[in-house]
Amino acid sequence: MVVVVVVASLALFALLAFGPFSIFYSNPLVTCRQAEQVPQLHFLASRRHRFPATKKGEESCLGDRPLEKDSNAITRGGNYFQSMSMASSSFSGSGNALMWFRKGLRIHDNPALECASRGVTGGGFLYPVFVIDPHYMEPDPRASSPGSSRAGLNRIRFLLESLKDLDLSLRKLGSRLLVMKGEPGEVLINCLKQWKVEKLCFEYDTDPYYQQLDMRVKDYASAARIEVFSPVSHTLFNPADIIQKNGGRPPVSYQSFLKLAGEPSWASSPLMTIFPSLPSVGDVGSSQIVEVPTLEELGYVDIEMELPPFRGGESEGLKRLREAISNEKWVATFEKPKGDPSAFLRPATTTLSPYLKFGCVSSRYFYQCIQDVYTRNKKHTSPPVSLLGQLLWRDFFYTVAFGTPNFDQMRGNKICKQIPWNDNDELLTAWREAKTGYPWIDAIMTQLHKWGWMHHLARHCVACFLTRGDLFVHWEKGRDVFERLLIDSDWAINSGNWMWLSCSSFFYQYNRIYSPISFGKKYDPNGNYIRHFLPILKDMPKEYIYEPWTAPLSVQTKAKCIIGKDYPKPMVSHDSASKDCKQKLAAAYELNKKLNGVVSEEDLKVLQRKLDATCDSVLNPVHSHSSSGAKRQRRS
DNA sequence: AGTACGTTGTCGGG
DNA sequence: CCCGACAACGTACT
């Protein structure tokens, strides 16, 4: 199941993680004609699938090539049944195949499903399985907001909706989704045994959680002589290929990644398939099969939460993709940094990131759709800022993460600067709970709670504020909050972006700090975004809405919002806090340089003590936001 | 050793 | 809207 092992979307993190993808919501300007201008669908049956050349149960440990390069293997209008019978000649036994869904919750461009369908032989059956891990899905009463210990309610809902949609699509093809509960590895191995499965298919996954889980399952399959097919289809490229091309080390800059990556092998091959039907599902024996559960059935009762503007599933994802793509001028001129992070009625990006995260939409199909628009619009933007560039960022982070041990933490991570971040839970909690006293920051964090999604640049602002800009809290802490709450949170992209924003890796210009006051103001001078997500401030005059503590008491009274009572005072003064942060970063960089990146725990402690003495730090405000905030206010 | 470059800073001035 | 100052990092390449 989709348990991500380490709690990690910066969207920018999500970039995608920090949500890189955007789409308009319903765009009334999209016509049917435009919507159809996407690459043609092709029949699955037409393609002769080649099974991996490696031995049974061993292939795919590093992931197979996503698709054969040989486009001759792909012809239109082939005969489904013919190809099935071809496959059957090479098998004997039960002829049963199992398709294990984890991410990749889609029918289109799904090589593992194709292979599973083709792998059914004789009178065999196809078992499409999804395993719900209770740790990932069931309520944790101790969590800081509704949801499980690992996932916020918004992502759990999105996943359930995606499963429901997948089940519906499978049923239309004469199959269904077999939902089971339990520890995924255990459940799956049990299925393989009980159902006499001879072929196991699932999408290859680079996340450490799956690396470990899949190893276990593959070991069992190998011992039981079950054939395993595990294609790379979540990303554009196989991260292992890129790392190999670079002499075994992942590229650490986007530009070098681009050079190594080049064009994907399948760039002009048809990826879309239509299944006329799927092999039927066999007897499930004593296995406990459930319908896709509702939130209530999982134990989420009496929770009042407004619905975020994202419905999960392949159907909705493809609809949004077509809407986004149909606006060709928008696609061709897309420049990520020019988007407006305060736009919420109509976000400035595709908002496809949640769909890419769960694989409801294929990133490869998205890639081809964009290229298709580019062929008709010769003048278009380029990576890193273009729409295509956003997809490549996603692959960039997947590649670096896959090739970097301990990528999701500072310690033991070779590409991560060792910095003496503080471990102050009070600062972290105020940030997480949208109580920093900076309306721009608190509005963004509120959007995170309510929607499970914010614009990429909004993610930048709050990540910078928590780490190198103001609070100097460890980036891993903020990453964990994003990881749980973002619908699109993604292990590689989220940690990558947090390192980026905290100047721990990839980006190092620590003097460039987002102002929690001016940055939002330049996009949204009236503060509409703040008024929407922080209704307590809705009547604050625009002159004060970004800095309500500067409003005269009479104005606060009239706006029915007394600062310090109805809305918090700023927890730190940005001017002095950011100066302290810069000083600390400079000292930490110096130490890293001196020790050539090999900084011990003790070295960091010594530096921290030294910095605490020299900086008027925000690290010890134990008794209060207001008093330390007030103190700082006086100094400035 | 030196140079160019790097998806998305802020502020003040023209 | 664009400019430079601010203060100055690392990576990649020559």
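Ring pair Phe465(A)/Trp431(A): centre-to-centre distance not below 6.0 Å. For Tyr544(A) and Trp549(A), the ring centers are positioned 6.0 Å apart or more. Under the 6.0 Å cut-off for aromatic ring centres, Phe482(A) and Trp475(A) do not qualify, their centroids lying 6.0 Å or more apart. In summary, the aromatic rings of His532(A) and Phe344(A) are positioned with their centroids under 6.0 Å apart.
Spacing between atom CH2 of Trp440(A) and atom P of dG9(B) amounts to 14 Å, rounded to whole angstrom units. Note: NZ (Lys414(A)) to P (dG10(C)) measures 19 Å, nearest angstrom. Per the geometry, NE2 belonging to His460(A) stands 9 Å off P belonging to dT8(B), to the nearest Å. Whole-Å rounding puts the Ile517(A) CD1 to dG9(B) P distance at 18 Å. If you take CG of Asp340(A) and P of dT8(B), they are 18 Å apart, rounded to a whole angstrom. Look at CD on Gln255(A): it is 17 Å from P on dA4(B), rounded to the nearest Å. Atoms CD1 (Ile513(A)) and C1' (dG9(B)) sit 9 Å apart, rounded to a whole Å. The CZ atom of Phe465(A) sits 18 Å away from the P atom of dG9(B) (whole-angstrom rounding).
Contact annotation for Lys521(A): no contact, since no heavy-atom pair falls under 4.0 Å across all strands. Looking at heavy-atom distances under 4.0 Å, Phe519(A) makes contact with sugar-phosphate atoms alone, never a base. Glu335(A) comes within 4.0 angstrom of no nucleic acid atom, judged by non-hydrogen atoms across all strands.
The pair Arg459(A)-Asp488(A) meets the salt-bridge criterion, since a charged nitrogen lies less than 4.0 angstrom from a carboxylate oxygen.
At dT10(B), one or more side-chain N or O atoms of Lys522(A) fall inside 4.0 Å of OP1 or OP2 (strictly under the cut-off). Considering only side-chain N and O atoms, Lys259(A) lies under 4.0 angstrom from the phosphate OP1 or OP2 of dC13(C). Distances shown here put every side-chain N or O of Lys582(A) at or beyond 4.0 Å from the OP1 or OP2 atom of dA8(C).
Checking dA7(C) for Watson-Crick or G-U wobble geometry (two distances, each under 3.5 Å) identifies no partner in any strand. The partner of dT7(B) cannot be assigned: no Watson-Crick or G-U wobble pair with both contacts below 3.5 Å exists in any strand.
For the P atoms, the distance from dC1(C) to dT7(B) is 24 Å, rounded to whole Å. dA7(C) and dG2(B) have their P atoms separated by 23 Å, with the value rounded to a whole Å. Nucleotides dA4(B) and dA8(C) place their C1' atoms 15 Å apart, quoted to the nearest Å.
Positionally, the nearest nucleotide of DNA chain C for Gln509(A) lies more toward the 5' end than for the other of Gln509(A) and Pro251(A).
The Tyr508(A) side chain lies nearest to dC9(C) when the options are dC9(C), dT10(B), dT7(B). Of the candidates dT8(B), dA8(C), dT7(B), dA8(C) carries the atom nearest the Asn511(A) side chain, counting heavy atoms from C-beta on. In the set dT7(B), dC11(B), dT8(B), dC11(B) carries the atom at the smallest distance from any side-chain atom of Ser518(A). Set against dC9(C), dT8(B), dA12(C), the side chain of Tyr510(A) has dC9(C) as its closest nucleotide. Closest to the side chain of His456(A), from the set dA12(C), dT8(B), dG10(C), is dT8(B). Relative to the side chain of Val252(A), the nucleotides dA8(C), dA12(C), dT10(B) differ in distance, and dA12(C) lies closest. Here the nucleotide nearest the side chain of Arg512(A), chosen from dT8(B), dG10(C), dT10(B), is dT8(B).
Across all their heavy atoms, Gly412(A) and Asn406(A) have their closest contact at O-ND2, 3.1 Å. The shortest non-hydrogen separation linking Thr404(A) to Pro250(A) is OG1-CG, 3.8 Å.
Residue ring and base: Tyr254(A) does not count as stacked with dT7(B) (centre distance below 5.5 Å and interplanar angle below 30° not both satisfied).
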